[in-house]
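The structure under discussion appears below in the form of structure tokens.
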2 protein chains.
Amino acid sequence: MARPREFDEAKVLASARQLFASNGYHGTSIDDLVQATGLLRGSLYKAFGSKRNLFEKILAEIADDFKATPESLDLLTVALKDLAAVDKPIRLLCLKIVGKNSKTYANLLGANLLAKMKENK
Amino acid sequence: MARPREFDEAKVLASARQLFASNGYHGTSIDDLVQATGLLRGSLYKAFGSKRNLFEKILAEIADDFKATPESLDLLTVALKDLAAVDKPIRLLCLKIVGKNSKTYANLLGANLLAKMKENK
DNA sequence: GCGATTAGTGAACGATTAGTCAATAATAAT
DNA sequence: ATTATTATTGACTAATCGTTCACTAATCGC
């Protein structure tokens with residue numbers, strides 16, 4: 001009962017996720033997101049409200065059924081390092097992912113962090 | 001044979017290190033550094049050249065005799081996540097720190113990352 | 001005293017930041 | 001065809017970003 005969306009939300013979220021995962025939260029600008037997703041700023045804001053909200057949505061999505069892929073581990077690292085200290089909802093999503101497996105996740109997160117170092121020789 | 005410095009370089013570096021460690025590289029602005037160190041922008045740039053250079057100096061300093069304190073682990077995490085992918089000298093300093101102990105450091109880095117999550121309940 | 005050299009000062013720069021908004025467009029229901 | 005509703009567009013804003021620089025100040029050897 002209104003104009004339909006022209007973009008595929010899942011694809012937009014996938015592009016944004018990749019950017020946040022590899023460049024961090026503060027290292028990813030709205031312009032970066034505009035470029036990567038193809039959406040214009042206005043549409044991005046109408047659809048997701050804010051950069052912070054977009055990030056939370058992405059994190060919530062992967063928290064819902066977490067798989068320890070490099071990208072997801074990167075995103076969890078970004079959430080923990082760039083936002084968790086000052087953003088309770090983000091912190092809670094991190095807790096939801098990790099649960100009682102903090103030993104396991106410590107290993108996964110650390111190994112994933114170090115892996116980046118070696119890729120570029 | 002010139003005007004002497006009025007600031008204590010070690011103290012300035014300590015303040016900057018703390019900021020970078022807790023807020024990340026992109027999360028730390030020059031204004032933040034000016035505030036925390038007490039130095040004015042001009043002095044900061046005369047002494048250290050650039051934000052990137054200041055960070056490298058700090059990382060080099062801790063790389064020289066690395067102790068796995070929370071702050072140093074935070075700083076290594078920041079170096080790895082915010083800079084290593086696009087900055088070879090930084091990457092090499094990370095490698096120097098980790099050496100052949102990547103299993104050990106994976107655990108330390110991961111545990112340190114997760115610790116932040118629990119502090120704020 | 002006088003140069004030479006280096007440090008401190010802070011206004012200013014262009015670029016980029018996250019976010020807004022009035023105009024236009026596309027759909028569905030009546 | 002008209003109306004209601006939601007989406008797209010991109011120019012715009014105020015703030016902040018990292019960096020520069022002309023100026024002043026303090027020390028040294030002479």
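Letters go in sequence order (proteins before strands), and every chain restarts at 1.
- Annotation: salt bridge (Lys or Arg N to Asp or Glu O under 4.0 Å) contacts involving residues 99-112 of chain A, sequence neighbours excluded, are absent.
- For F48(B) and F55(B), the ring centers are positioned 6.0 Å apart or more.
- Contact annotation: the side chain of V34(B) never approaches that of L39(B) to less than 4.5 Å [non-hydrogen atoms, C-beta and beyond].
- Every residue meeting the salt bridge (Lys or Arg N to Asp or Glu O under 4.0 Å) condition with D31(B), not counting sequence neighbours, appears here in chain and number order: R41(B).
- Of all nucleotides in DNA chain D having an atom under 4.0 Å from a heavy atom of chain B, the first and last in 5' to 3' order are dC17(D) to dC28(D).
- Applying the side chain to side chain donor-acceptor pair (under 3.5 Å) rule to S72(A) yields the partners T69(A); only residues at least two apart in sequence or on another chain are considered.
- Taking K51(A) as the reference, nothing meets the salt bridge (Lys or Arg N to Asp or Glu O under 4.0 Å) condition, with sequence neighbours excluded.
- For the salt bridge (Lys or Arg N to Asp or Glu O under 4.0 Å) test, residues two or more places apart in sequence or in another chain that qualify with D74(A) are K116(A).
- Between V98(A) and F66(A), the closest side-chain pair of non-hydrogen atoms is not below 4.5 Å.
- With contacts defined as side-chain heavy-atom distances shorter than 4.5 Å, the pair V78(A)/L83(A) does not qualify.
- Listed by residue number, L40(B), R41(B), G42(B), S43(B), K46(B) are the residues of residues 40-55 of chain B with a heavy-atom contact under 4.0 Å to DNA chain C.
- D32(A) places a side-chain N or O within donor-acceptor distance of the main-chain N or O of S29(A), the cut-off being under 3.5 Å.
- Residues I62(B) and L59(B) form a side-chain contact, since some pair of their non-hydrogen atoms from C-beta on lies under 4.5 Å apart.
- For the pair T37(B) (side chain) and L33(B) (backbone), a donor-acceptor distance under 3.5 Å is present.
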Any protein N or O atoms within reach of nucleotides 27-30 of chain C? Criterion: under 3.5 Å, listing atom names and distances.
none

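- For the segment residues 6-13 of chain B, residues with any heavy atom less than 4.0 angstrom from an atom of DNA chain C are, sorted by number, E6(B), F7(B).
- Checked against side chain to side chain donor-acceptor pair (under 3.5 Å), Q18(B) has no partners two or more places apart in sequence or in another chain.
- Listed by residue number, T28(B), S29(B), I30(B), D31(B) are the residues of residues 17-39 of chain B with a heavy-atom contact under 4.0 Å to DNA chain D.
- At distances below 3.5 Å, at least one donor-acceptor pair connects side-chain atoms of D82(A) with backbone N or O atoms of Y25(A).
- Residue pairs satisfying the salt bridge (Lys or Arg N to Asp or Glu O under 4.0 Å) criterion with at least one member in residues 55-65 of chain A, sequence neighbours excluded, are listed as follows: E9(A)-K57(A), R17(A)-E61(A), R52(A)-E56(A), D64(A)-K96(A), D65(A)-K67(A).
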